[in-house]
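Take a look at the structure set out below.
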Amino acid sequence: MKGTVTYTIFASLGDVMATIFGINLFALSGQLLVGLINGSFYALLSLGLAIIFGLLKIINFAQGAMYMLGAFFAWMALNYMGINYWWALLLVPLAVGVLAILMERFLVRPIANEDHLYSLLLTFGVALVLQGLFTHFYGSSGLPYQIPAELKGGTKLPFMYLPNYRAWIIVSSLVVCFSTWWVIEKTKLGAYLRAGTENPQLMQGFGINVPLITTLTFGFGVALAAFAGVLAAPVYSVSPEMGSNILIVVFAIVVIGGMGSIGGAILTGLMMGVVEGLTKFFYPEASTTVIFLFMVIVLLVKPAGLFGKEA
Amino acid sequence: MSSTGEKLRISDLHAYYGESHILHGIDMTIMQGELVTLLGRNGAGRSTTLKAIMNMVGRRTGKININGNETIGMAAHKIAHLGVGYCPEERGIFSSLNVEENLMLPPNVRSDGMSVEEIYDIFPNLAERRYSQGTRLSGGEQQMLAMARILRTGANILLLDEITEGLAPVIVQKLAEVLVMLKERGLTVLLVEQNFRFAAPIADRHYVMEHGHIVEEVQKHELEAKTELLNTYLGV
Amino acid sequence: MSADYVLETRNLVKEFKGFTAVDDVNLQVERGTIHALIGPNGAGKTTVFNLLTKFLTPSRGTILYNGEDITYMKSAAIARKGIVRSFQISAVFPHLSVLENVRIALQRKEGNSFHFWKSEKVLQKLDARALELLDEVGLKGYANTVTVDLPYGRKRALEIATTLALDPEMLLLDEPTQGMGHEDVSVVADLIKKVSANRTILMVEHNLHVVAQLADKITVLQRGAILTEGDYATVSQDPRVREAYMGVEADDEVANAIAAETAAANAAKKEDVA
Amino acid sequence: EGISNDVVKIGVLADMGGVYADICGQGCVTAVEMAVEDFGGTVLGKPIEIVSADDQNKPDVGSAKVRQWIEDENVDVVTGLVASSVTGAVTKVLTDAKKIALISASASNAFTTKACSPYNAHWTYNVAALANGTVKPMVESGKKKWFFITADYAFGHALEGIATKVIESSGGEVVGAVRAPLGTTDFSSYVLQAQASGADVVGLANAGTDFVNSLKTAAEFGLTETTDVAGLLVFTPNAQALDPAIAAGMKATTGFYWDMDDQTREWSARFKARHGSIPAMPHAGAYSMTMHYLNAIKAAGTDDSDAVMKQMKATKPDDFFARNAYLRNDGRMVHDMLLVSIKDAASRKSADDIYNIEATIPGDVAFNPMLPECDFK
Amino acid sequence: MIKINKLYLFLIVIALVAPSLVYPVFLMKLLCFALFACAFNLLLGFVGLLSFGHAVFLGTGGYITGYLMLHTGLTPELGILAGTLGAGLLGAVYGKLAVKREGIYFAMVTLALAQLAFFFYLQAPFTGGEDGLQGVPRGALFGLIDLNDNFAMYYFVLAIFIFGFWLVQRTVHSPFGQILKAIRENEPRAVSLGYNVNDYKWVAFIISSALAGLAGSTKTLVFQLASLTDVHWHMSGEVVLMTLLGGMGTIFGPLVGAGVVISIQNMLSGGELGNYIHIIMGLIFIVCVLAFRSGIVGEFQKLVKKNFG
Ligand SMILES: Nc1ncnc2c1ncn2[C@@H]1O[C@H](COP(=O)(O)OP(=O)(O)OP(=O)(O)O)[C@@H](O)[C@H]1O
Ligand SMILES: Nc1ncnc2c1ncn2[C@@H]1O[C@H](COP(=O)(O)OP(=O)(O)OP(=O)(O)O)[C@@H](O)[C@H]1O
Ligand SMILES: CC(C)C[C@H](N)C(=O)O
Ligand SMILES: [Mg+2]
Ligand SMILES: [Mg+2]
């Protein structure tokens, strides 16, 4: 039996479609891969949120705006300074990270001891301002950004044409996510981060410069979003709205995953991308809502989230 | 800077949590190798005194000289590096780290801290549970871990807040031995204690606090004479 | 006649990933007594407590309450059956008045807690009972104080008053005197004594003075298992207990002090009986 | 009767900061201002005043504003009007109050069909013109099998629906369609579905950023190489935002192109000097219809809505925008539309040089005939 | 006590004469949003729950009322009642889910649930999608009073607002409100006293969502339109802003906040500044959070306390 299926698949490498139970397997694989690409963005964004949440206990509502900023900075770097994509991929997250550091220092820190709902509202305000500013100066139609020449073209897979740039998105974001995970879970610095998350004051007492670590962590978490923004610039149009659209979905993902662990944030992000891809294939009408529905189910059966620690 | 003289000198220390003024001008001096206790009722401000030394309160004024360095304007994270080890009242064990990670967490501030073996020797429970998640330990085990953690860093000025709390009498006795041993090694200890019976035999001196003031200083040899006084302050 | 047990455990076991924290414990708490659980650190006392109050589920064994199997009941259900646990963390409503604190507890039985259309004035009829309870713990004079402003020991007393408002049949106290100064320790100890009338109390306590003064029966746990049981005099003379818990060379002074207190306590008890 | 309240007040309702801001936002205000200035600033000796407001593309915001304009501020006419949803709500309010709506940017053909009113004047273009202009010739040239990627809301549905009718009546067939929510950023799975459908043409029944994003993705996944992709509604700012390599050769229907002749270039240069970018079709339409409205007041000697409307329908608009134009009794302004194709990078002389004009589509071919029930005399 | 009563009397008199001084539709809008903000404040200010998706209840009330008024010819009071109940029902479902999480998670869950509903309303045929439900008739109150008259409509809206406002006050000062207070003060303790805190939060959530629905239903009648704006997350953000700016947990804060925000929007929507609306809203958020956490009413109360208390 097994052999027959394999045979069928190989035999159909031409234009015969491989179908099982009436499902077009090639189309399905295509959608899965596309889902993984989206999942890469979700993973980067929810990882950034998780890192920031870990140390500062705040949800950075401006994370979407920072993602938007990443894309815009890449565009501006190219158009005003002639900085190409590859440099932008390195420099833009740094620049946005620096902005984030200023934001942490002058806006977030003064209210660090207040109810964390305030920082949520504060970052929400920042998001509105940033989005408003870019709409004001650049309009809302979106700006074009070219795919870098090195990554133009694509590879013909048996089931779809995979643009090289999309492959690059998956690879680069997985590398970044995994490295981040490794640093946090497996190194001494990571131990400081994890401990600082729980009791920053005591860590200070042990002689660790927690405010510095906090600031840098905030910067890094935001830089991840900016990195995602630069990655997104060539494939989605660079527009002021791009951040708020994706952020709410990422929030749902965070609720599903549960902020319990760094690895959890990454995995949930990728997983939800795939779930969305599958939905687009089987029942496209629900593709906008499927992640939220998934969240509802998780809330019902595992309120703390898939990777969350019980309260 | 003398290696034998004053290790800690506090003058006119005021501390605040937000609006509330907790310490009202504390003065104290501790010499090297001394073990001094801070006595007082709940809420007298003893823990706050330790926290103020560590710059962990909202705001503080006055002078705090540690090992010859004025620290009132110093960032909190720099203080430990002057050789100070702080064991907080609420233990502060990290749940995202296991026992051994917790133990290894604080950076060494000096080179001659206790070795891990030595520590496991004193607290066998910890050795047994070394790969357990930090906060899965029992209350008393967490207390041991909190204490062990700073012994490892080589700090030579120890600020210890209620370290016998929740410990079985056997362990309390062991701790007393450890403190005496540390003292003999030349470490300086400022101990906040409720358990007067624990503190009395090992301390060189006692400060008594009330409402954020130091109201009495009692030398070891005066204990007997001042028992009455202590009783009225502490309700022993 | 066999003794009247409020609470019993049979072969209670709790394992954490291959580590046995509670090992085959058969505990019997007699009605109307103060029963203390002591033992070295990590012996499993808190775990037993958590099993009894359903914060943890047993790996094996049964828990009986008034003969009824409550092993798998939820914690809220147990509270309604009359087993109430007090916490170490300051368990008060800080910005409500002392009176309101107690009233919140009394309100539950009123059945009007979901009545959002009524005026809160309907709650005034609970004031009398609340004041009574406050009086019992010596807080009557503080009824209108905002709770944050109470001294530590008084908060503790308030917490107990609130707990009593639930009219529990059985109280579980985990280290009730932890972190208290001597003065407060004796206040709280007296209070426990006082409220133990018509109730059963099970407590974990490291303060041997308190244990000696209060406990009718003591169970000593070690490495998850029961080492020995009995009244203070018996237990404290047991060499195994002295080695594992109290320390071999228990300071004579302390020992004497304890002995004296025990004697006094026993004397007092006898007077009560007479 | 003269001028009510001794002033002609024109309200410009547009999207000042949203997704259509570049299409008809501040630019529409500028265009109306230019019309008033060119007209001389007064009519029948009374001043002409302009008020403007942001509808944020929200029907409730727009209709509340217009209600207030009429009830509280004596506004005589409302122009601009972008998102069809807003326009629908606003025209209801205006009709109730017997005030004229001059619609420049909305796409829906409802305002002259099922929601027609004697007080509506719909200028620049509509979905029917788009379908007739772009889709019909393609089907007739042999591209029979169509697949749609449609913006999942009223506008997209309308566009897809009317295009489908055109396709079927021209002998083509629609082999499938996906509905992508407004503001979708990732079109890749829709593009994959389009690819799998085996269609000759993939029609993009969307607009603005949706159009740009879907086309980019189509190019990225190689769809543009194997299949024709047709943008059904392309505004110049969107065309400018696209990489010429992707967009080159694509055909589109438009009501106006700045570089058509000297007349359009003259006006467009003035507009660009004030606004900073070349005019998109709604800008030109806004100018044209304001001008026509003011001329009608002058001719009628009053700003009474019924009289002015009658006058507007009686005289043919004729300016750089309105060619071979007349305002039909149903309120549809019928004029020549343009079939354009997007230039490749090499043949562009400047950033603004984006279209080749392929053909002129006569108004009566572009717009559907009037419905009898909407024939307001 | 007497002072408070005098204040109320004064406010009511102002409310009664206001429509002859100010454009009544503006006043009605203000009252609708003030009611919405009061409903929201019940959750945020008195239970400590930040719902970031409250617009969904405003919109749901509006859609239900709009649909019924358009298609069944119900009288306005019944239409509003239906909208209110519908929103309360949705609140019951969403609340049940949301109270499973706390703090920031609660905010995210409510936001996500609201987004779910948003997409549903966007696609569902009966809402008219982007167009919304247009031309909703105001009808005649009890079949008697024609509400097409702005003045009649105004007094009807005022009555609804006063009822809603009263209900919020009553809830806060009820036996139920006592428990809410206790939960906000020390949730674990409330649990240990045997209160099933999630049920209490849930009931509060339902009351709040039903009142938000009432506001939405009323608003739909006033503007004769129900649209996606009212279910969009921007609207949820706006009500947070109103409450924060006015003073959360205060009685009059939501009213003042709604007044200020609506007025600012009104001012901006006219001129050049329309562009800046999000920037300005964002800045107000930032300033409020950094320097002004008690809001206008809260700061005012502090001032009074300092100088006269
Ligand atoms: N974080 C804080 N914020 C505000 N007030 C505080 C804080 N921590 C302590 N206090 C107050 O400061 C005073 C002194 O507290 P401190 O903890 O120093 O007392 P203590 O002598 O150590 O007593 P305890 O036996 O309770 O530990 C008390 O009145 C306490 O309520
Ligand atoms: N959740 C858990 N997972 C793993 N081990 C646990 C867990 N909880 C407790 N333990 C272990 O079980 C043992 C018993 O713990 P328990 O807290 O019951 O002790 P205890 O008698 O209350 O001690 P103490 O007097 O120090 O409070 C300890 O060794 C502890 O490390
Ligand atoms: C401006 C355009 C893109 C048309 C708009 N979407 C409408 O609904 O009519
Ligand atoms: Mg203390
Ligand atoms: Mg314990």
Side-chain angles (χ1 to χ4, degrees), chain A residues 49 53 57-59 61-62 65 106-108 110-111 114-133 135-137 240 244 247-256 258-259 285-293 295-296 298-300 302-305 308 311, chain E residues 44 48-50 52-53 93-94 96-120 122-124 187-188 198 232-234 236-238 240-241 243-245 248 274-291 293:
Chain A
L49 277 181
F53 179 81
K57 286 288 171 291
I58 70 170
I59 286 290
F61 221 118
F106 294 106
L107 297 179
V108 177
I111 54 162
E114 306 290 334
D115 192 319
H116 293 304
L117 291 179
Y118 284 113
S119 37
L120 182 80
L121 297 178
L122 179 91
T123 53
F124 178 69
V126 171
L128 283 183
V129 170
L130 285 175
Q131 190 174 325
L133 278 177
T135 310
H136 179 68
F137 287 111
S244 55
L247 186 69
I248 303 182
V249 177
V250 174
F251 276 2
I253 290 173
V254 162
V255 174
I256 294 169
M259 287 288 198
E285 283 78 6
S287 64
T288 46
T289 47
V290 65
I291 292 184
F292 302 114
L293 289 171
M295 179 190 84
V296 169
V298 168
L299 277 175
L300 285 174
K302 206 162 180 296
Chain E
L44 178 59
L49 295 175
L50 173 59
F52 228 108
V93 176
Y94 275 14
K96 195 87 200 168
L97 289 166
V99 298
K100 286 172 179 266
R101 302 304 306 267
E102 282 167 28
I104 288 168
Y105 277 102
F106 182 88
M108 290 198 286
V109 168
T110 46
L111 177 58
L113 287 174
Q115 193 72 355
L116 175 65
F118 175 82
F119 281 117
F120 172 74
L122 181 65
Q123 290 170 329
E187 183 164 335
N198 282 356
H232 197 269
W233 63 269
H234 275 160
S236 300
E238 255 165 48
V240 181
L241 183 63
T243 310
L244 180 69
L245 180 63
M248 57 172 100
N275 263 324
Y276 295 97
I277 199 145
H278 289 301
I279 306 179
I280 291 175
M281 294 285 147
L283 286 177
I284 298 179
F285 257 110
I286 296 174
V287 170
C288 272
V289 170
L290 285 180
R293 274 182 294 279

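Proteins come first, then strands; the chains are lettered A, B, ... in the order of their sequence lines, and each starts at number 1.
Partners of E:Y94 under the ring-ring contact (aromatic ring centres under 6.0 Å, His included) rule, at least two apart in sequence or in another chain, do not exist in this structure. The side chain to side chain donor-acceptor pair (under 3.5 Å) search around E:R293 returns A:E114, not counting sequence neighbours.
The shortest non-hydrogen separation linking A:L300 to E:K100 is O-NZ, 4.0 Å. A:L299 and E:L97 get closest at one heavy-atom pair: CD1-O, 4.1 Å. Counting all heavy atoms, side chain and backbone alike, A:I111 lies closest to E:L290 at CG2-CD2, 4.1 Å. Taking both residues in full, the closest heavy atoms of A:G125 and E:F285 are given as CA-CB, 3.6 Å, listed atom of the first, atom of the second, then distance. Here the closest non-hydrogen pair linking A:I248 and E:A112 is CG2-CA, 4.4 Å. The two residues E:L283 and A:V129 make their nearest non-hydrogen contact at N-CG2, 3.5 Å.
Distance check: A:L128 CG to E:E238 CD gives 9.5 Å after rounding to the nearest 0.5 Å. How far CG of E:L44 is from CG of A:L121: 8.0 Å, rounded to the nearest 0.5 Å. Rounding to the nearest 0.5 Å places CD1 of E:I279 at 4.0 Å from CG of A:L133. Note that OG1 of A:T135 is 7.0 Å distant from NE2 of E:H278, once rounded to the nearest 0.5 Å.
Ranking E:M281, E:K96, E:Q123 against chain A, the residue ahead of the rest is E:Q123, based on heavy-atom pairs under 4.5 Å. Your options are A:L293, A:T288, A:V255, A:T289, and the one with the most heavy-atom pairs under 4.5 Å with chain E is A:T288.
Residues E:L111 and A:F61 are in side-chain contact: their nearest non-hydrogen atoms beyond the backbone lie under 4.5 Å apart.
A:L130 does not touch chain E: none of its heavy atoms, backbone or side chain, sits under 4.5 Å away. For E:L244, the part lying near chain A is the side chain, with the backbone staying farther off; criterion is any non-hydrogen pair under 4.5 Å. For E:V240, the part lying near chain A is the side chain, with the backbone staying farther off; criterion is any non-hydrogen pair under 4.5 Å. Heavy-atom distances place the side chain of A:F124, and not its backbone, under 4.5 Å from chain E. If you measure heavy-atom distances from A:V290 to chain E, you find no contacts under 4.5 Å at all. Contact annotation for A:L122: both backbone and side-chain heavy atoms come within less than 4.5 Å of a heavy atom of chain E.
No close placement of the E:F52 and A:F251 rings is indicated, their centers lying 6.0 Å or farther apart.
Between the E:Y105 side chain and the A:A304 main chain, no donor and acceptor come within less than 3.5 Å of each other.
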